Every structure is written in structure tokens, then in C-alpha cells.
Amino acid sequence: LGKVYTFYPTFTRQDRVLPRAQGDYSAPVSFVHNCLSWGCQGFVEPARKLGVKAYGGGNSPDGLVPHNKCFEILQKALCTVYLKGGGAVDYSILEPMACACPTTFHSSYVHNCRLYDLLEPGVTCLTWSTEEEMRSVIEYLRIPANNRRIGEAGRERMKQVVWNDPDGFR
């Protein structure tokens with residue numbers, strides 16, 4: 001058929017979004033259940049060597065975080081490192097973007113999921129293909145101006161694409 005449809009889940013947790021910390025960030029985070037089973041296992045250990053906390057249920061090495069703690073973590077995290085190369089857009093992408101927490105992805109993710117309107121590499125997110133590129137992206141986001149620029153651009157795009165009531169999302 002040659003047609004692709006993009007679906008974004010309703011973002012209903014805007015009341016939980018916390019203002020983003022400036023500067024002194026904690027470790028990068030990844031929120032992926034069973035991250036050792038989703039075809040991303042090759043990047044889990046390299047990410048952990050770079051200080052990424054891999055949270056989630058199942059076999060995710062840093063365990064499950066209660067959902068009510070996610071925004072608190074995202075408020076202070078340097079960035080998110082999304083370890084899956086494909087799959088549907090989910091809250092582990094939308095919640096960081098709502099918080100202006102920069103999101104990073106394997107380079108195949110945007111293409112495989114056809115999320116071109118939301119994820120624009122170098123503008124609303126950053127991408128990587130190798131462990132060295134992942135390291136470079138994380139280091140780039142340690143510079144506060146870069147962190148703020150990517151995070152805020154992601155938040156604004158998420159508001160345009162996903163949230164259709166501009167008065168209800170601040």
C-alpha cells in the first residue's frame with residue numbers, strides 16, 4: 001500500500017510536568033521495559049558504561065521506577081537515551097519531551113517509526129549509531145546551552161504535534 005500512519009497517544013499527565021533543573025544534571029536515563037530483550041541489548045552495556053541508568057520492568061538492569069517518580073527523575077536527568085531501534089511512540093518518549101529533557105535515539109528509530117514530524121535530529125532530538133556517537137551526544141548535552149536548546153525545541157514540537165490545546169499545556 002505504501003502508506004504509513006503515525007499515531008500519538010494522548011498525553012494526559014501535563015499536570016505532573018515539573019520545571020526542568022538548569023545545570024547540575026544527574027545521570028542520563030533510559031526507560032525501556034525488558035531492555036535486554038528488545039533488540040537493543042547491544043547498546044545497554046555501552047550506555048551503562050557512560051553512566052546511563054537503564055530503568056524498566058523485566059530484565060532492565062536498574063530496576064523499575066514507580067511511575068509517579070518519572071517526572072522527578074526527568075527534571076534532573078542530563079538526557080534520555082532511548083535504546084530501542086523501533087516500536088511505537090510511547091510515554092518514555094513523550095514524558096521527557098514534555099519536561100524539556102533532551103531525548104536521544106538510535107539513528108534507525110526515527111526512520112523505522114516514521115516520526116519525522118516530532119523527531120527532527122539535531123533540532124528536537126539527537127541521534128547516534130555507535131557507542132562512540134552515543135558518547136559524543138551525551139558529552140554535547142553536558143553543555144547547558146546545548147541541553148536547553150535541544151530540550152526546549154523537543155518540548156515545543158511535542159506541544160505542536162501531540163497536544164492540541166495550547167492553553168492546557170504550559
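Because the structure is predicted, anything quoted here is derived from the model rather than measured.
- Taking 4.5 Å as the limit, some side-chain heavy atom of Cys99 sits within range of a side-chain heavy atom of Phe71.
- What you find for Val81 and Thr104 is that their closest heavy atoms are CA-OG1, 3.3 Å.
- One distance of note links CG of Leu119 with CE of Met158; it measures 11.0 Å at 0.5 Å rounding.
- A side-chain N or O of Ser107 and one of Ser129 form a donor-acceptor pair less than 3.5 Å apart.
- In the displayed structure, Asp24 atom CG is contacted under 6.0 Å by at most 12 heavy atoms of other residues, nucleotides or ligands.
- Here Met134 contributes atom CE and Lys49 contributes atom NZ; the two are 10.5 Å apart, rounded to the nearest 0.5 Å.
- Atom-to-atom distance recorded for Cys113:SG and Lys84:NZ is 8.5 Å, nearest 0.5 angstrom.
- For Tyr116 and His111, the side-chain atoms include at least one donor-acceptor pair closer than 3.5 Å.
- Between Phe105 and Trp128, the ring centre distance reaches or exceeds 6.0 Å.
- For His67 and Glu95, the side-chain atoms include at least one donor-acceptor pair closer than 3.5 Å.
- For the pair Arg142/Asn147, no side-chain contact is recorded, criterion being any heavy-atom separation below 4.5 Å from C-beta on.
- The pair Asp117-Arg157 does not count as a salt bridge, with every side-chain nitrogen at least 4.0 angstrom from each carboxylate oxygen.
- Across all non-hydrogen atoms, the minimal contact from Leu141 to Asn146 is CD2-O, 4.1 Å.
- The closest side-chain donor-acceptor pair between Gln75 and Arg20, if any, does not fall under 3.5 angstrom.
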Practice problem: Starting from the C-alpha separation in whole Å, work towards a yes-or-no answer on ring-ring contact (aromatic ring centres under 6.0 Å, His included) for Tyr82 and His106. | Solution: CA-CA 7 Å; Tyr82 197 75; His106 187 274; over 10 Å; no
Practice problem: Let me see the working for Leu64 and His33 under side-chain contact (heavy atoms from CB on, under 4.5 Å), right down to the final yes or no. | Solution: CA-CA 8 Å; Leu64 187 61; His33 291 304; 3.5 Å; yes
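- Residues Pro102 and Leu78 approach most closely at CD-O, 3.7 Å, considering heavy atoms.
- In this structure, the separation between CZ on Phe31 and CD1 on Ile93 is 13.0 Å, given to the nearest 0.5 Å.
- Nearest approach of Ile150 to Val123, heavy atoms of both residues: CD1-O, 3.6 Å.
- Partners of Glu152 under the salt bridge (Lys or Arg N to Asp or Glu O under 4.0 Å) rule, at least two apart in sequence or in another chain, do not exist in this structure.
- With values rounded to the nearest 0.5 angstrom, Met97 atom CE is found 12.0 Å from Ser92 atom OG.
- From Thr124, atom OG1 reaches atom CD of Gln160 across 10.0 Å, with rounding to the nearest 0.5 Å.
- Taking both residues in full, the closest heavy atoms of Cys35 and Ser60 are given as N-OG, 3.3 Å, listed atom of the first, atom of the second, then distance.
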